[in-house]
Amino acid sequence: MWAGTDRPRRTSGVARMSERDQDRDEQVGYDVHAVEAKWLPVWERLDPFRADDASPREKRYALTMFPYPSGDLHMGHAEVTALHDVIARYWWLRGYEVLNPMGWDSFGLPAENAAIRNNEHPATYTYANIETQAASFKRYAVAFDWSRRLHTSDPEYYRWTQWLFLKFRERGLAYRKDSPVNWCPNDQTVLANEQVVDGRCERCGAEVTKRELNQWYFKITEYAQELLDDLDALAPTWPDRVVTAQRNWIGRSEGAHVTFTVRTESGDRDLEVYTTRPDTLYGATFMVVAADAPLAAELVTEAQRPAYEAYLAETRKASDIDRLSTDRPKTGVDLGVTAINPVNGEEIAVWASDYVLADYGTGAIMAVPAHDQRDLDFAKAMGLPVRRVVDTGEPNPEETYQATTGDGVYVNSGPLDGLTDKVAGIRTIIERLESEGRGSGAVNFRLRDWLLSRQRYWGCPIPVIHCETCGEVAVPEDQLPVELPELRGADLKPKGVSPLAAAEDWVNVDCPQCGGPAKRDSDTMDTFVDSSWYFLRYCSPHDDTQAFDPEQVNAWMPCDIYVGGVEHAVLHLLYARFFTKVLADMGLLDFREPFAAQLNQGVVINQGKKMSKSLGNGVNLGAQLEEFGVDAVRLTLVFAGPPEDNIDWADVSPAGSLRFLQRAWRLSGDVTSTPGVSAEKGDVALRRVTHRTVHDAAELVESKRFNVMVARVMELVNATRKAIDSGCGPADPAVREAAEAVAVLLSLVAPYTAEEMWDRLGHEPSVARTTWPVVDETLLVEDSVTAVVQVKGKVRARLEVSPDISEADLEAAALADDAVQRALDGATVRKVIVRAPKLVNIVV
RNA sequence: GCCCCGGUAGUCCAACGGCAGAGACAAUGGUCUCAAACACCAUCCAGUGUGGGUUCGAAUCCCACCCGGGGCACCA
């Protein structure tokens with residue numbers, strides 16, 4: 001059944017008996033820690049999972065999100081790697097060359113904060129934790145290729161992060177601009193939009209405020225449409241929630257740009273707005289400009305300027321939390337100017353308010369209060385007119401102050417009057433605007449450019465020099481990496497500007513262009529930049545001439561599976577997709593999506609709640625491993641339920657898992673046939689179970705139903721046990737076949753137990769690199785099946801029939817059955833549904 | 001408010017539109033034991049959130065609602 005290596009283990013039957021007795025003694029104390037200690041060094045020596053770039057085998061790339069080095073591994077790491085490992089190990093057994101690397105996302109704030117507290121260097125904390133986690137991963141027996149290990153905080157790595165930044169900058173995709181940005185007062189740094197959750201810093205929970213700063217951005221918006229479109233192709237193999245989260249985040253909308261003319265004190269000028277409802281243009285009764293947009297200051301009359309500036313000052317003070325609350329009363333100020341509606345020439349007031357966002361669309365809107373609740377609230381608060389232009393049959397919003405947004409008949413809308421088709425209404429208005437040069441159809445995205453600069457130390461320095469005469473100058477590529485200066489302890493204290501700015505020796509340099517005095521850019525990059533390309537680096541991790549070897553990358557990528565937490569649904573995954581597309585446009589990659597398939601594991605919780613120190617419900621991974629062993633913990637996590645479901649540690653039983661592993665292990669000691677014996681003449685009933693299990697297990701792994709796969713292996717163990725104790729007996733070759741199948745299948749989840757079984761069954765290590773058992777298709781066909789006969793939907797009889805019985809024969813057999821005849825009780829048979837060979841339903 | 005995903009024994013979970021149970025936890029009884037633990041054997045347990053519909057037949061497909069989880073949300 002296997003093409004693996006065989007080694008005769010035992011010679012005489014007499015010896016066998018005594019050894020079996022010995023085994024029984026061992027059973028009492030199946031010492032998981034001894035088994036772990038036995039195999040760990042063997043695997044270290046065999047290095048069975050090193051990916052060979054030159055292998056002729058088909059390549060597979062199994063990636064798991066690399067960890068941040070905070071302390072030791074915890075339950076979350078244990079879960080994600082256990083799930084991931086099932087796939088990687090399965091692929092090895094199926095004959096693929098598998099790239100399964102691991103590394104560390106080792107720049108970031110926790111290390112910096114720890115360094116400040118303990119007057120240390122962040123690297124001390126970081127690299128100590130990495131060593132701890134690496135040792136734990138090895139003990140945890142994940143099938144990683146350790147030769148490809150990387151850390152994003154190594155200069156050999158971040159040199160290439162800097163190189164990529166420069167390439168992006170050359171293409172106009174990294175640029176600086178002044179803009180109001182999210183500021184975390186606690187971490188003393190700016191944050192990307194994606195890192196602000198409900199107005200709070202996603203890391204520390206502090207309320208985010210706005211600051212007007214000059215910052216670096218990646219132009220991810222240039223790829224908005226492609227990032228959205230390509231989700232369609234990913235939808236079948238990516239989790240729904242990730243795809244929808246990304247769609248929502250990108251937030252495409254269709255509508256129109258409409259140009260109004262504004263009468264300002266310095267003459268007429270155009271004011272462009274974006275709207276998704278150009279068909280309601282006749283209902284625009286005023287306009288609103290974002291109070292904090294430069295536009296508002298340009299439009300306001302001298303008479304209104306003091307009022308406007310007072311309002312603006314008020315707005316600036318409000319935190320994001322306040323701004324985000326939707327039930328806040330509308331506020332605003334009249335700018336004193338009027339605008340002319342391009343379709344009906346009507347003159348309407350122009351206001352400024354904070355309910356219009358400066359950085360979305362054009363920063364100005366046309367207000368149609370009858371059909372937009374926000375505009376209606378504003379109109380009500382300010383006493384502005386409301387005019388219904390779509391009659392939906394609902395009460396008039398002018399009276400009810402309930403905006404109507406549905407379809408209806410156009411009224412008060414000139415050429416649209418009487419029309420009911422919204423799509424036609426939109427088209428008509430856009431055509432008219434286009435013909436008059438006052439607008440056009442337009443698309444807008446919610447996605448903003450990616451703010452990448454951070455005012456902190458422990459990150460990748462931005463390789464740019466600011467020169468008084470030459471301006472912004474890129475650090476020449478041959479001078480990369482720009483290494484971080486040695487700072488520690490108090491030097492790292494957040495002061496609102498990067499700690500690097502105070503490192504005089506480091507920050508003051510000669511301009512690479514003119515040689516004059518210049519300063520380095522003192523910000524560092526968002527750590528999401530580091531993680532946007534690490535999966536490429538794994539393909540050629542030791543290449544010191546380039547960020548990655550395109551030939552290797554194109555051979556291994558895209559990743560066949562990416563396993564990780566759903567918390568990265570938009571952040572990391574969107575950024576990594578963006579990087580991939582840019583690098584493809586640079587001609588370095590021949591694919592445009594980095595991750596072909598994805599799996600998001602659930603969260604390990606306890607007693608219905610997230611584990612936390614304050615609740616005191618944390619489950620310590622190390623203690624669990626100590627008590628039950630690596631295999632039992634891994635098995636528990638994989639068996640608990642579907643991979644994406646949360647696992648409540650109170651609902652699962654590592655003790656039960658250990659019990660099962662012992663049962664499986666015991667099989668290997670009971671087998672008395674010799675390795676390599678042909679199973680052909682073995683017990684057919686057991687062989688059927690074995691081959692059916694192996695067959696189904698493959699399908700179950702491929703469809704990621706690992707919990708069901710484990711259940712099927714348990715079934716096989718139970719069947720083998722029965723065969724040994726009360727069936728064909730331990731000498732039957734089918735028992736060996738079954739036990740060997742258990743070892744191989746179990747190696748996906750419980751590598752130590754599987755290796756020990758494999759050894760006891762007389763094979764050389766490692767079971768992880770043997771081949772998947774070959775399924776004998778003939779054993780999958782049952783020689784008889786149970787057909788159910790229903791009368792009026794109720795089961796009345798069961799017939800043992802041949803699996804290839806004809807429908808006519810089955811129907812005849814069913815009608816001939818006594819029990820069926822009794823149930824029919826002479827009633828007229830109206831219809832007989834036959835689904836050979838499993839079912840007959842008789843309708844009377 | 002809008003959009004996704006999910007509700008099956010006491011618990012966690014299975015079930016191509018075809019006998020609701022693969023597997024496990026817990027419980028109960030037994031075997032072993034001086035006893036207990038471990039181990040082993042056996043037993044117990046739901047008609048699938050609610051209400052309609054489609055069908056010969058629905059946990060499964062459709063509609064509405066309820067509950068839970070997630071995403072978006074002053075994005076015009």
Side-chain angles (χ1 to χ4, degrees), chain A residues 27-29 198 239-253 255 273-278 280 284 288 290 323-328 330 353-357 359-368 371-375 377-378 405 444-448 566 569-570 600 602-603 635-636 639-642 644-648 650-657 659-660 662-663 666 693 696 700 705 707-718 721 725-726 786-798 830-835 838-844:
Chain A
Q27 282 166 21
V28 178
D198 293 332
D240 275 354
R241 49 182 172 170
V242 175
V243 173
T244 50
Q246 293 216 358
R247 284 206 180 106
N248 283 339
W249 190 262
I250 295 166
R252 184 184 198 272
S253 74
V273 299
Y274 173 72
T275 176
T276 55
R277 291 296 303 274
T280 61
V288 187
R323 286 200 61 160
L324 280 168
S325 78
T326 48
D327 50 3
R328 198 169 55 113
K330 293 278 183 287
S353 173
D354 63 0
Y355 88 90
V356 173
L357 305 176
D359 58 352
Y360 182 78
T362 62
I365 61 152
M366 66 179 208
V368 185
H371 307 297
D372 183 295
Q373 192 61 46
R374 297 158 302 185
D375 295 345
D377 292 343
F378 191 79
T405 54
N444 233 309
F445 295 94
R446 201 185 148 279
L447 182 70
R448 311 294 206 276
V566 74
V570 280
N600 294 134
V603 180
L635 181 73
T636 302
F639 181 57
E644 18 346 281
D645 285 9
N646 289 348
I647 297 172
D648 192 329
D651 290 335
V652 297
S653 171
S657 298
R659 230 161 22 230
F660 163 71
Q662 287 172 332
R663 282 163 55 78
R666 209 171 298 128
T693 303
D696 290 357
L700 290 165
R705 290 184 293 162
N707 55 323
V708 185
M709 185 271 290
V710 170
R712 301 304 304 279
V713 178
M714 290 174 168
E715 201 182 352
L716 177 57
V717 168
N718 293 342
R721 184 80 258 156
D725 291 346
S726 56
T786 306
V788 173
V789 185
Q790 298 175 330
V791 178
K792 289 186 284 188
K794 280 198 175 134
V795 180
R796 296 296 184 180
R798 291 157 210 276
R830 288 207 318 206
K831 195 174 174 186
V832 182
I833 289 111
V834 186
R835 292 284 175 274
K838 301 198 69 172
L839 179 128
V840 179
N841 189 10
I842 300 166
V843 187
V844 296

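Note that the structure is a prediction, hence the values are computed from the model and not measured. Sequence lines set the chain letters: A, B, ... in the order given, protein chains first and strands last, and positions in each chain run from 1.
In this structure B/rG47 sits in the syn conformation; its chi angle is within 90° of 0.
Checking B/rG71, B/rC40, B/rA76 against the side-chain heavy atoms of A/Ala245 singles out B/rG71 as nearest. In this structure, of B/rC13, B/rA22, B/rC72, it is B/rC13 that holds the atom nearest to the side chain of A/Asp645. The side chain of A/Lys330 lies closest to B/rC74 when the candidates are B/rG23, B/rC74, B/rA39. Side-chain proximity of A/Val708 to B/rA14, B/rC56, B/rG23: nearest is B/rA14. Closest approach to the A/Thr275 side chain among B/rA76, B/rC40, B/rC13 is made by B/rA76 (side chain taken as heavy atoms from C-beta onward). Closest to the side chain of A/Asn718, out of B/rA24, B/rC74, B/rA76, is B/rA24. Looking at the side chain of A/Arg835, the nearest of the listed nucleotides B/rA22, B/rC25, B/rG18 is B/rG18. The side chain of A/Arg712 approaches B/rA22 more closely than any other nucleotide in the set B/rG23, B/rC56, B/rA22. Picking from B/rA15, B/rA14, B/rC56 the nucleotide with the shortest atom distance to the side chain of A/Arg705 gives B/rA15. Comparing B/rC40, B/rG18, B/rG23 by their closest approach to the side chain of A/Ala711 singles out B/rG23.
Here A/Arg659 reaches the OP1 or OP2 of B/rC25: one of its side-chain N or O atoms lies under 4.0 Å away. The side chain of A/Tyr360 contributes an N or O atom lying less than 4.0 Å from OP1 or OP2 of B/rA76. A/Asn707 has a side-chain polar atom (N or O) that falls below the 4.0 Å cut-off from OP1 or OP2 of B/rA14. For B/rC56, the OP1/OP2 oxygens have a side-chain nitrogen or oxygen of A/Lys831 closer than 4.0 Å.
Using a 4.5 Å heavy-atom threshold, the side chains of A/Phe639 and A/Val652 count as separate.
Of the P atoms belonging to B/rC38 and B/rC25, the separation is 12 Å, rounded to the nearest Å. Nucleotides B/rC63 and B/rG70, compared at atom C1', are 24 Å apart to the nearest Å. Taking atom C1' on both B/rC13 and B/rA22, the two are 10 Å apart, rounded to the nearest angstrom. A distance of about 29 Å separates the P atoms of B/rA76 and B/rC67, rounded to the whole Å. Look at the C1' atom in both B/rG49 and B/rG68: the space between them is 11 Å, to the nearest Å. Rounded to the nearest Å, the gap between the C1' atom of B/rG69 and that of B/rA27 is 30 Å. Nucleotides B/rC5 and B/rG51, compared at atom P, are 24 Å apart to the nearest Å. The separation of B/rC16 from B/rG1, taken at their C1' atoms, amounts to 39 Å, rounded to a whole angstrom.
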Which nucleotides of nucleotides 2-11 of chain B have their base under 4.0 Å from a protein heavy atom (B), which only their sugar-phosphate (S), and which neither (-), written as one string 5' to 3'?
---S-----S

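Residue-level contact check: A/Pro642 touches the backbone only, with heavy atoms under 4.0 Å from sugar-phosphate atoms and none from bases. At the heavy-atom level, A/Ser253 lies under 4.0 Å from the strands shown only through sugar-phosphate atoms. At the heavy-atom level, A/Val843 lies under 4.0 Å from the strands shown only through sugar-phosphate atoms. Using a 4.0 Å heavy-atom distance criterion, A/Arg663 is classed as a sugar-phosphate-only contact. At the heavy-atom level, A/Gln373 lies nowhere under 4.0 Å from the strands shown. At the heavy-atom level, A/Phe660 lies nowhere under 4.0 Å from the strands shown. Within the 4.0 angstrom heavy-atom criterion, base atoms lie near A/Arg448.
Using a distance-only test at 3.5 Å, with no hydrogens or angles considered, a donor-acceptor pair links the side chain of A/Asn646 to the main chain of A/Val603. Panel note: side chain A/Arg448, backbone A/Asp359; a donor-acceptor pair is recorded below 3.5 Å. Distance alone, capped at 3.5 Å, is enough to place a donor-acceptor pair between the A/Asp375 side chain and the A/Val368 backbone.
With A/Tyr355 as the aromatic partner, A/Lys330 meets the cation-pi criteria of under 6.0 angstrom to the ring centre and within 45 degrees of the ring axis.
Scanning all heavy atoms of the two residues, the minimum distance from A/Ala290 to A/Leu357 falls at CB-C, 3.7 Å.
Across all strands shown, B/rG1 forms a Watson-Crick or G-U wobble pair with B/rC72, both key distances being under 3.5 Å. In this structure, B/rU55 makes no Watson-Crick or G-U wobble pair, since no nucleotide meets both defining distances under 3.5 angstrom. Base pairing analysis places B/rU8 opposite nothing; no Watson-Crick or G-U wobble pair with both distances below 3.5 Å involves it. Pairing partner, B/rA42: B/rU28, with both Watson-Crick or wobble hydrogen-bond distances short of 3.5 Å. Pairing of B/rU50, defined by two Watson-Crick or G-U wobble distances under 3.5 Å, is identified with B/rA64.
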For side chain to side chain contact (heavy atoms under 4.5 Å, CB included), just list the numbers for A/Val243 and A/Arg247, CA-CA rounded to whole Å, side-chain angles, deciding distance to a tenth of an Å, and then say yes or no.
CA-CA 6 Å; A/Val243 173; A/Arg247 284 206 180 106; 3.5 Å; yes

Verify side chain to side chain contact (heavy atoms under 4.5 Å, CB included) between A/Arg712 and A/Thr693, making sure each step is shown before the conclusion.
CA-CA 6 Å; A/Arg712 301 304 304 279; A/Thr693 303; 4.2 Å; yes

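Both A/Gly251 and A/Val710 sit near RNA chain B, but only A/Val710 has its closest nucleotide nearer the 5' end.
A/Asn841 and A/Arg835 share no side-chain donor-acceptor pair at under 3.5 Å.
Remark: A/Tyr274 OH to A/Met366 CE distance equals 11.5 Å, nearest 0.5 Å.
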